[in-house]
There are 2 protein chains.
Amino acid sequence: MTNNDEKMRADARMNRDLIIDVARTAFAVNPETSLNAIARKAGIGAGTLYRHFPSREALVVALYRKEIDALAALAPKLLAEGPPVEAIRTWCARVADFSRIKHGVADLLRAALSDNDSQETYVLMIGAMTQLLAAGQSSGDIRLDADAEDILIVLAGLWRLPPTPAGEARAERILALVMRGLTLQSP
Amino acid sequence: MTNNDEKMRADARMNRDLIIDVARTAFAVNPETSLNAIARKAGIGAGTLYRHFPSREALVVALYRKEIDALAALAPKLLAEGPPVEAIRTWCARVADFSRIKHGVADLLRAALSDNDSQETYVLMIGAMTQLLAAGQSSGDIRLDADAEDILIVLAGLWRLPPTPAGEARAERILALVMRGLTLQSP
DNA sequence: ACCTGAACACCGTTCAAGT
DNA sequence: ACCTGAACACCGTTCAAGT
């Protein structure tokens, strides 16, 4: 994989970082900015961008690497701090918030779920979700037929909710619905 | 709106029908077929396509008009035949089936929910869902805070599940989860 | 070992010119 | 009143040529 820590020639490394920087601000303005436009804004050749990031997917993965890592790391932290059901709810809310603000993340999530190459993201997110569900199942709060990928697919569907109070409210309602569907009603 | 029954010059009408026909088969092969390619295959000028269908959206709406109508008409039929909860479950399953097979429909649904111009689809689908939920609320089976648009958003997220048994199973699991989230547990 | 940037085939969209 | 199809600006992607 395109590893941050691999030895790279100094110019290559600089170009890579520059591309990510430019892409980050460009995508913030318009998530559909063309790769050519990003290369142009970065002042580098189109071919350079394409060697560093063979696909738009790969670029988006690199862009949100830190955030995805942080999200994955959050799961065990939440489990340590409180009951599993609360951990799940909070984690899902964070994912939803994130994909509501940064549309790229939701696309990334979708691609990671069905597609082929962004397996790192896939492993991280599924891993986190699996961990959360397993904890809830152990404590007897979560249904045994709960499936991590199912939940991520639903969450990935929540992008493009408008970043208005109404959009937030909708996300909260849908999340509550999912939680009711996930939990075992204590008899 | 682009009405089927308006008076049109014979050639215009023929072109319109031809475009829809060609698009239907082209999209079946590849849902991302370009509009230019469709015009080419239909043997008409690109401008002609664009006057009949100002956007890809508009073309997809025309393509699936019948199916959408049928789906909307199905809701009251299901309500007449059985208990509301079963009607909701069946209707949602039909919507999910449909968007799993014809990806265009899911896109359409998403666009209809957030966007601007395909309001006809929006009204039809929301209307059907609202009707179903209202019946379930009257019978005391469905939560009073259930929201039609919420459910459609979740369903629209289920496209691109593979048309394999595994994909079907996933759709069923997610649908069951949604139903659990929607229903009031009878005390 | 990496970069440049012209080149290719294609896209969505428009609009003069035709009938 | 409608259609044609060339034209425009742009896209993703490649690849010879440079350093």
Side-chain angles (χ1 to χ4, degrees), chain A residues 1-23 26-27 29-63 103-104 107-108 110-111 115-118, chain B residues 1-23 26-27 29-63 103-104 107-108 110-111 115-118:
Chain A
M1 310 297 139
T2 321
N3 191 334
N4 270 338
D5 303 331
E6 264 169 31
K7 293 169 206 167
M8 293 178 73
R9 235 174 57 176
D11 53 349
R13 155 141 296 274
M14 275 186 52
N15 274 331
R16 192 179 185 280
D17 293 347
L18 179 60
I19 291 168
I20 292 186
D21 246 47
V22 170
F27 283 155
V29 173
N30 172 13
E32 290 168 3
T33 312
S34 75
L35 298 188
N36 272 327
I38 288 173
R40 220 163 5 195
K41 279 185 204 195
I44 60 161
T48 305
L49 193 155
Y50 273 87
R51 183 152 22 73
H52 282 293
F53 305 104
S55 70
R56 171 176 284 261
E57 253 318 302
L59 178 52
V60 176
V61 168
L63 259 185
H103 290 170
D107 290 332
L108 180 55
R110 316 257 333 212
D115 274 29
N116 31 14
D117 57 345
S118 50
Chain B
M1 308 297 136
T2 322
N3 191 337
N4 269 340
D5 303 330
E6 266 169 29
K7 295 167 205 166
M8 292 178 75
R9 237 172 56 176
D11 53 349
R13 156 142 295 275
M14 276 187 50
N15 274 331
R16 191 178 185 282
D17 293 346
L18 179 59
I19 291 167
I20 291 185
D21 246 47
V22 171
F27 283 155
V29 174
N30 171 14
E32 290 168 2
T33 312
S34 74
L35 299 189
N36 272 329
I38 289 172
R40 219 164 5 196
K41 279 185 202 191
I44 62 162
T48 305
L49 193 154
Y50 273 87
R51 183 152 22 75
H52 281 294
F53 306 105
S55 69
R56 172 176 282 259
E57 254 317 302
L59 177 52
V60 175
V61 169
L63 258 185
H103 289 172
D107 290 333
L108 180 54
R110 316 259 332 213
D115 273 28
N116 30 15
D117 56 347
S118 50

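Below, all heavy atoms of this structure are taken into account, side chains as well, without hydrogens, waters or symmetry copies. The model shown is predicted, which means the values in this text are computed figures rather than measured ones. A note on names: the letters A, B, ... follow the listed sequences, proteins ahead of strands, and every chain is numbered from 1.
- Per the geometry, CZ belonging to Arg13(A) stands 12 Å off P belonging to dC3(C), to the nearest Å.
- The nearest pair of heavy atoms linking Glu32(A) to Arg56(A) is O-NH2, 3.8 Å.
- Once rounded to the nearest 0.5 Å, the distance linking CG of Asn15(A) with CZ of Arg51(A) reads 9.0 Å.
- Atom pair Arg16(A):CZ and dC3(C):P shows a separation of 12 Å (rounding to whole Å applied).
- The heavy-atom pair separating Ala62(B) from Arg16(B) by the smallest distance is CB-NH2, 4.2 Å.
- Between the CG atom of Leu49(B) and the P atom of dC2(D) there is a distance of 16 Å, rounded to whole Å.
- Shortest non-hydrogen contact noted between Asn36(A) and Ala46(A) is OD1-CB, 3.7 Å.
- Between Ala26(B) and Thr33(B), the closest heavy-atom pair is O-OG1, 3.3 Å.
- Residue Asn15(A) places at least one side-chain N or O under 4.0 Å from the OP1 or OP2 atom of dC3(C).
- Listed pair Ser34(A) / dG12(D) meets the phosphate criterion, a side-chain N or O lying under 4.0 Å from OP1 or OP2.
- In this structure, CD1 of Ile44(A) is placed 14 Å from P of dC2(C), rounded to the nearest angstrom.
- Each of Thr33(A) and Ala12(B) was assigned the nucleotide of DNA chain D with the nearest heavy atom; the assignment lying further toward the 5' end belongs to Ala12(B).
- Distances shown here put a side-chain N or O of Arg40(B) below 4.0 Å from the OP1 or OP2 atom of dC11(C).
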Problem set entry | Intra- and interstrand pairs of DNA chain C - dot-bracket, Watson-Crick/G-U under 3.5 Å, | marks other strand | ||.|||||...|||||.||
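- Contact annotation: Asn36(A) does not reach the phosphate of dC10(D) (side-chain N/O to OP1 or OP2, under 4.0 Å).
- Each of Arg51(A) and Ala46(B) was assigned the nucleotide of DNA chain C with the nearest heavy atom; the assignment lying further toward the 5' end belongs to Arg51(A).
- Between Phe53(A) and the options Val61(A), Val60(A), Leu59(A), a side chain to side chain contact (heavy atoms under 4.5 Å, CB included) holds for only Leu59(A).
- Note: CG (Leu18(B)) to P (dC3(D)) measures 11 Å, nearest angstrom.
- Regarding His52(A), its NE2 atom lies at a distance of 16 Å from the C1' atom of dT13(D), rounded to whole Å.
- Residue Asp21(A) holds its CG atom at 11.0 Å from CE of Met14(A), rounded to the nearest 0.5 Å.
- The distance from atom CG of Leu35(B) to atom C1' of dG12(C) is 7 Å, rounded to the nearest whole Å.
- Rounded to whole angstrom, the span from the OH atom of Tyr50(B) across to the P atom of dG5(D) amounts to 17 Å.
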